[in-house]
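Read through the structure below, which is laid out as structure tokens, and then see the notes.
We count residues from 1, following the sequence as given. Computed over heavy atoms, backbone and side chain alike; hydrogens, waters and symmetry mates excluded. Counting convention: from 1, in listed order, for ligands and their atoms alike.
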Amino acid sequence: MSDPTANRVRNYVNGTWCESTATDFVEAVNPATAEVIGRTPLSPAAEVDAAVRAAEAAFPAWRRVPVADRIQCLFRLRILLQEHLEELARAITVECGKTIGESRAEMQRAMENVEVAGGAPILMQGEFSEDIASGIDEFVIRQPLGVCAGICPFNFPGMIPFWFMPYALACGNTYVVKPSEKVPLTMQKVFALIDQAGFPKGVVNLVNGAQETVDTLLDHPAVRAISFVGSTAVAKHVYARATAGGKRAQCQGGAKNPIIVLPDADPDMTTRITADSGFGCAGQRCLAASLVVTVGDARHWFTDAIVEAAARRVVGNGLDERVQMGPVISAHSKARIEQLVQKGIDQGAKPLVDGRGAAVPGCEQGFFVRPTVLHNLHPDHEITGTELFGPVLGLVEVDTIEEAIAFANRGRYGNMACLFTSSGASARKFRSEVEAGNIGINIGVAAPMAFFPFSGAKESFFGDLHGQGRHAIEFFTQTKVVVERWPKEWSRRF
Ligand code: NAD
């Protein structure tokens, strides 16, 4: 019998690694092999409280550390992340399934956020107006909030905590990270580096768990701000509960991203990029293309080309450098995707490439769905409006760009929308009229760089200020406005 204490992940509280006292665990599983690689404790409320209290105790001193000194810890962390990039990328692939190249790119994105947060000395500067009335000045100071927490999904275990944490810390807040219980191992490695980066005890903390752990964070009176990324149902719950308790909240939800292809698009580029968007990370990106709307004649060249690209994609264990697509996260996810595809077919969609029941030699136990292309999707099919989070592209054909934009805007989500065209006028119309937070023009994964906000609209985002860049600095600071008078008759004459 296997040792139940083996591979237990630990919490990191007040600068110390701690075994959780939890009696319930979730197994972390390598999705390419179905091997159990870790056990995530469902940390009880007392342990969440200990992490928040440690962050609360560390806050008064940390906020007084000059910003130029605070960011030195981030610079050291940046170097450590670079030195351990390969090890971190491997950890991501092993627990999440994406290809090793995708994992390296993920950590690159994480490091870019550390770099941008290193600009906090300028980014968090206030504003000053001299003589708003005679002898009176007025200015804005940005100050940290206190304890902030990040609740993360499974699909980017290395990157998503970095959309928030470096900015929060640079601004003088203290922090608690709650990774997805499905992929706890990458953060174990990241926190081993955080431990070496010189942050004072209690400034950065890690608590593992699932729903109850999250709810304890949401209800904790000392937590001032919550950043959440995950499914829309949970995003709504987190936003409602956090804001009901008076906390700031930014909650990123699910997606069903359309790509529109106009007849004047470049066929080779459009097909290659759309295939990467739909099948990259096994379709488990929040910026993965899920629907492709071809306009007019584009249907003729696009359909054949995407079918060929889907059938050609090399699927397997992401640790193999030759592999272009890994498994989906779990047996449950594979079954759910396959059932939804069947439902789509039952409702009239036609499978041009059917990736269900995939067998990958050497990974017979893995949770693989091969690239799938469904044709003839109707706006009323369940599959057309439901987030699949798998490597499935649904094709829709319309006659005009107006119809295509109307189709894109029908959905409940608004995470990303992309257009392929060689017409500037069409691009301009599209970016103005389409209802989504992240827009790509001849781009298939419109992921904002760290110095831009990671946007989102409709049911893909709840809140106002987003993660990354200046939005993150605003989210993690409160403004104090000072109006000041110093009558000159009070001054000693020199
Ligand atoms: P999820 O909603 O199941 O879990 C996200 C986090 O919420 C986890 O830490 C989990 O422990 C916690 N959680 C789950 N159920 C909860 C509950 N009932 N109450 C409180 N907390 C709960 O999401 P997931 O499956 O890990 O991630 C995939 C989803 O994330 C997809 O919908 C995807 O589109 C979305 N996502 C969105 C973005 C974005 O930028 N909009 C980015 C990445 C992923």
Side-chain angles (χ1 to χ4, degrees), residues 9 24-26 28 31 40-43 45 48 95-98 106 109-110 113 149-164 176-184 186-187 206-219 226-242 249-257 281-290 328-330 332-333 336-337 386-390 411-417 436-438 445-448 452-463 466-468 471-472:
V9 303
D24 291 329
F25 291 81
V26 169
T40 310
L42 303 185
S43 301
V48 180
E95 69 176 350
C96 183
K98 62 183 68 172
E106 173 175 344
R109 289 267 172 173
N113 276 284
I151 300 159
C152 307
F154 80 78
N155 63 329
F156 283 93
M159 175 184 73
I160 286 180
F162 285 94
W163 284 353
F164 314 107
V176 180
V177 179
K178 205 297 286 173
S180 163
E181 64 278 17
K182 294 174 193 154
V183 291
T186 304
M187 273 299 117
L206 172 71
V207 183
N208 287 285
Q211 178 177 350
E212 265 185 66
T213 311
V214 171
D215 286 342
T216 309
L217 283 168
L218 298 179
D219 294 343
I226 295 281
S227 304
F228 171 88
V229 182
S231 58
T232 287
V234 183
K236 276 184 181 169
H237 160 74
V238 170
Y239 189 72
R241 193 148 166 172
Q250 46 180 193
C251 299
Q252 301 182 212
K256 185 81 185 174
N257 303 308
C281 293
Q284 297 176 121
R285 285 187 190 118
C286 64
L287 298 179
S290 184
V328 296
I329 190 67
S330 63
H332 174 264
S333 178
R336 185 183 158 274
I337 293 163
T386 306
E387 178 178 40
L388 271 85
F389 228 48
R412 57 193 281 242
Y413 299 108
N415 212 37
M416 179 187 83
N438 302 293
V445 179
F452 283 95
F454 195 105
S455 193
K458 293 162 82 176
E459 294 214 356
S460 297
F461 182 72
F462 303 91
H466 300 274
Q468 297 198 151
H471 273 225

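- Atom 12 (C) of ligand 1 has V214 CG2, 4.0 Å as its closest protein atom, hydrogens excluded (heavy atom only).
- Using a 4.0 Å cut-off between heavy atoms, T232 makes no contact with ligand 1 at all.
- Atoms of ligand 1 found under 4.0 Å from any heavy atom of V229, numbered from 1 in the order shown, are 5 (C), 36 (N), 37 (C), 38 (C), 39 (C), 42 (C), 43 (C), 44 (C).
- Nearest to atom 30 (O) of ligand 1 by heavy-atom distance, out of P184, S330, G230, is G230.
- With K178 contributing its side chain and V48 its backbone, the two residues share no donor-acceptor pair below 3.5 Å.
- For the pair E95 and P184, the minimum side-chain heavy-atom distance is below 4.5 Å.
- For atom 37 (C) of ligand 1, the choice among G253, G467, G254 with the nearest heavy atom turns out to be G253.
- Between the side chain of N257 and the backbone N or O of S290, no donor-acceptor pair lies under 3.5 Å.
- Using a distance-only test at 3.5 Å, with no hydrogens or angles considered, a donor-acceptor pair links the side chain of E387 to the main chain of A255.
- Of the protein's non-hydrogen atoms, the one nearest atom 27 (O) of ligand 1 is P153 CB, 3.3 Å.
- Residue W163 touches ligand 1 through its side chain alone, judged by heavy-atom distances below 4.0 Å.
- Distances from atom 41 (N) of ligand 1 to the protein include at least one heavy-atom value under 4.0 Å.
- Between the side chain of Q250 and the main chain of G463, no donor-acceptor pair closer than 3.5 Å is present.
- The closest approach between any non-hydrogen atom of F461 and ligand 1 is not below 4.0 Å.
- Shown in contact with A210 at under 4.0 Å from a heavy atom are these atoms of ligand 1, numbered in order with element: 11 (O).
- The side chain to side chain donor-acceptor pair (under 3.5 Å) search around H237 returns D215, not counting sequence neighbours.
- Remark: ligand 1 atoms within the under-4.0 Å shell around heavy atoms of Q252 are 39 (C), 40 (O), 41 (N).
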Taking it one step at a time, do N415 and K256 satisfy side chain to side chain contact (heavy atoms under 4.5 Å, CB included)? CA-CA 7 Å; N415 212 37; K256 185 81 185 174; over 6 Å; no
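- At the shortest separation from atom 34 (O) of ligand 1 among protein heavy atoms lies E387 OE2, 2.6 Å.
- When only interatomic distances are considered, the shortest N/O to N/O separation between C152 and ligand 1 falls below 3.5 Å.
- Every atom of ligand 1 with a heavy atom of K178 under 4.0 Å away is listed here by number and element: 8 (C), 9 (O), 10 (C), 11 (O).
- With a 4.0 Å cut-off on non-hydrogen atoms, N415 touches ligand 1 through its side chain and not its backbone.
- Of all the heavy atoms of T213, none lies under 4.0 Å from any atom of ligand 1, so neither backbone nor side chain is involved.
- F389 CE2, 3.6 Å is the protein heavy atom nearest to atom 28 (C) of ligand 1.
- Heavy-atom separations between K182 and ligand 1 include at least one value shorter than 4.0 Å.
- At the shortest separation from atom 14 (C) of ligand 1 among protein heavy atoms lies V234 CG2, 4.0 Å.
- The nearest heavy-atom contact from the protein to atom 18 (N) of ligand 1 is Q211 CD, 3.5 Å.
- Heavy-atom proximity to atom 1 (P) of ligand 1, evaluated over A288, G456, S231, is greatest for S231.
- Remark: minimum distance from atom 10 (C) of ligand 1 to any protein heavy atom is reached at E181 OE1, 3.5 Å.
- In this structure, the side chain of Q468 engages the main chain of P448 through a donor-acceptor pair within 3.5 Å.
- Checking only distances, F154 does come within under 3.5 Å of ligand 1, N or O to N or O.
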